[in-house]
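Values below: all heavy atoms of this structure, side chains included; hydrogens, waters and symmetry mates excluded.
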Amino acid sequence: MGILKNFFSSFSNDLAIDLGTANTLVFLKGKGIVLNEPSVVAIRTDNRSKNKILAVGNEAKEMLGKTPGYIDAIRPMQDGVIADFDVAEAMLKYFIQKSKINKYSVIKPRVIIAVPSGITQVEKRAVKDSTISAGAREVYLLEEPMAAAIGANLPIAEPTCNMIVDIGGGTTEIAVISLSGTVYAKSLRIAGNKLDVAIQQYVKKEKNLLIGNKTAEMIKKEVCNITPDNDKLISFKIKGRSNAGIPETIEINSSEVKEAISEQIEAICVAVEEALEQTPPELAADIIDNGITLTGGGALLKNFDKLLQKRLKLNILIADNPLETVALGAGKALENFDLFQKVFIE
């Protein structure tokens, strides 16, 4: 039986997927991460070819905010979960097919999907159904903070506390993990996308300029500094449309960006503090020794780790590959399936 199982597995294209609100990463068993593309789908909406998929991933993202009236470039994932079942299924099918080595394999892949810790039973079912419809043989769900902890090489199976804060596009996942189980978990629907929206709103209110999601995201990446030095402010020129409807170029600096996202950053900090308050005393002692690990795109916000360290008086570590940590953890669970069976959720 074991020989037969190994024979079939050698022909399969088993996958681990970080199905993110902003980006989807796919880990192919034996190969590592083979795909990293935006979670965006462009569809036709007119009667001529209604709901026809025109583009997925990188090509679709280029269409955001630039499409004619009969084309919608949409994100089927909202706050880390499926918001549009049909479009999400089409996106998954595209990513699964694109990731396969053997395109003609008749053996459907086993797929591990990383999901937010606060996901409901209905949302779990939607993820599983979409993945099965997209071509999976079996689907296993893994909570994102657990996947992030595995990907960050934290000793999750040991009787010691590991605390992880994963700031993605749709959610911020905070978890305290020990003995391959979650002692405490919080899924906060404030993350990268909410920061982008906050920047857009600030620029509209304070600068009288309308900007798109891509420009807001660029500002976040290029200018954001959580603790800016007023003597060394970074300025950035942005283009948009004025309230009068005229194209215009203005400047925004790191201090202004800090002000724009201060409410969201405060909410994340408070959620981390609440997690520490809920942690049993014995495990809290471990956090003093081990610190807190940051993963996800939010871990790259300049000086966010220093802000947390100053506020919590704890050592804050940034994972080696914060943007890929969840996918790498899910991939590790895929390649060591029997070893990590305890960590999958129903």
Side-chain angles (χ1 to χ4, degrees), residues 18 20 80 114-118 142-192 194-195 220 224-227 258 261-330 332-333 343:
D18 175 10
V115 296
S117 59
L142 177 62
E143 290 183 340
E144 285 174 6
M146 181 65 79
I150 296 169
N153 295 316
L154 299 182
I156 64 160
E158 295 179 11
T160 185
C161 179
N162 301 282
M163 187 167 178
I164 194 101
V165 179
D166 176 52
I167 308 171
T171 64
T172 293
E173 303 291 327
I174 303 165
V176 176
I177 296 167
S178 180
L179 291 171
S180 298
T182 302
V183 178
Y184 173 91
K186 172 82 172 179
S187 184
L188 186 69
R189 299 199 173 188
I190 296 175
K194 288 289 196 302
L195 298 181
K220 179 182 67 181
C224 183
N225 187 347
I226 304 301
T227 57
K258 178 196 173 185
I261 63 174
S262 60
E263 186 178 331
Q264 289 71 29
I265 293 298
E266 175 64 18
I268 294 172
C269 289
V270 169
V272 175
E273 289 172 339
E274 289 175 352
L276 290 169
E277 290 170 6
Q278 297 294 322
T279 303
E282 291 297 324
L283 294 180
D286 290 337
I287 296 176
I288 294 173
D289 295 332
N290 301 333
I292 298 172
T293 301
L294 297 181
T295 66
L300 299 176
L301 291 172
K302 190 174 181 181
N303 288 329
F304 180 61
D305 58 328
K306 291 183 175 62
L307 173 67
L308 274 181
Q309 190 158 316
K310 182 178 179 181
R311 185 159 173 164
L312 303 175
K313 305 293 190 293
L314 292 169
N315 192 24
I316 307 297
L317 310 167
I318 298 176
D320 289 339
N321 297 295
L323 292 171
E324 300 179 346
T325 310
V326 171
L328 290 170
K332 193 172 180 180
V343 303

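Between Ile316 and Val165 the shortest side-chain heavy-atom distance does not fall below 4.5 Å. Taking 4.5 Å as the limit, some side-chain heavy atom of Val183 sits within range of a side-chain heavy atom of Pro280. Using a 4.5 Å heavy-atom threshold, the side chains of Ile287 and Cys161 count as touching. When side chains are defined from C-beta on, Val270 counts as touching Arg311, because their heavy atoms get closer than 4.5 Å. The shortest side-chain heavy-atom distance between Pro322 and Leu294 does not fall under the 4.5 Å cut-off. Put simply, the side chain of Cys224 reaches to within 4.5 Å of the side chain of Ile261, judged on heavy atoms. Looking at heavy atoms from C-beta onward, Ser178 lies in side-chain contact with Leu283 at the 4.5 angstrom threshold. In this structure, Ile265 and Leu301 have side chains that are in contact, with non-hydrogen atoms separated by less than 4.5 Å.
With values rounded to the nearest 0.5 angstrom, Ile150 atom CD1 is found 4.0 Å from Ile156 atom CD1. Here CG of Asn225 is found 10.5 Å from CG of Leu307. Values are rounded to the nearest 0.5 Å. The CD1 atom of Ile292 sits 11.5 Å away from atom CG of Asn162, with the distance rounded to the nearest 0.5 Å. With rounding to the nearest 0.5 Å, the separation of CD1 in Ile174 from CD in Gln278 is 12.0 Å. With rounding to the nearest 0.5 angstrom, the OG1 atom of Thr295 is 12.0 Å from the CD atom of Glu324. Rounded to the nearest 0.5 Å, atoms CD (Glu274) and OH (Tyr184) are 6.0 Å apart.
Taking all atoms of both residues into account, the shortest heavy-atom contact from Met146 to Ser180 is CE-O, 3.6 Å. Closest of all the heavy-atom pairs between Ala319 and Thr325 is CB-OG1, 3.8 Å. The nearest pair of heavy atoms linking Ala191 to Gly169 is CB-O, 3.7 Å. Of all non-hydrogen atoms in Ala114 and Val326, the two that sit nearest each other are CB-CG1, 3.5 Å. Closest non-hydrogen pair, Met163 versus Ala275, comes out as CE-CB, 3.6 Å. Nearest approach of Glu144 to Asp166, heavy atoms of both residues: OE1-OD2, 4.1 Å.
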* **Pair Ile268-Leu188, side-chain contact (heavy atoms from CB on, under 4.5 Å): steps then yes or no** => CA-CA 8 Å; Ile268 294 172; Leu188 186 69; 4.1 Å; yes
* To do: Please test Leu154 against Ile164 for side-chain contact (heavy atoms from CB on, under 4.5 Å), starting from the C-alpha separation and ending with a verdict.
  => CA-CA 9 Å; Leu154 299 182; Ile164 194 101; 4.0 Å; yes
* Give the intermediate values and the outcome of side-chain contact (heavy atoms from CB on, under 4.5 Å) for residues Lys302 and Ile226. => CA-CA 6 Å; Lys302 190 174 181 181; Ile226 304 301; 6.0 Å; no
* Do Phe304 and Cys269 pass the side-chain contact (heavy atoms from CB on, under 4.5 Å) test, and can you show the C-alpha distance, the side-chain angles, and the key distance before you say yes or no? -> CA-CA 10 Å; Phe304 180 61; Cys269 289; 4.1 Å; yes
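Few gaps surround NZ on Lys220; more than 12 heavy atoms of other groups in view lie less than 6.0 Å from it. More than 12 heavy atoms of other residues, nucleotides or ligands shown are found within 6.0 angstrom of CD on Glu273.
Evaluation of the side chain to side chain contact (heavy atoms under 4.5 Å, CB included) rule for Ala330 yields Ala16, Ile112, Leu142 as partners, not counting sequence neighbours.
A donor atom on one side chain and an acceptor atom on the other are not found under 3.5 Å apart for Thr160 and Glu158.
When the options Asp289, Leu276, Leu308 are evaluated for a side-chain contact (heavy atoms from CB on, under 4.5 Å) with Leu314, the one that passes is Leu276.
Although no hydrogens or angles enter the test, the distance criterion places no donor-acceptor pair under 3.5 Å between the side chain of Gln264 and the main chain of Ile190.
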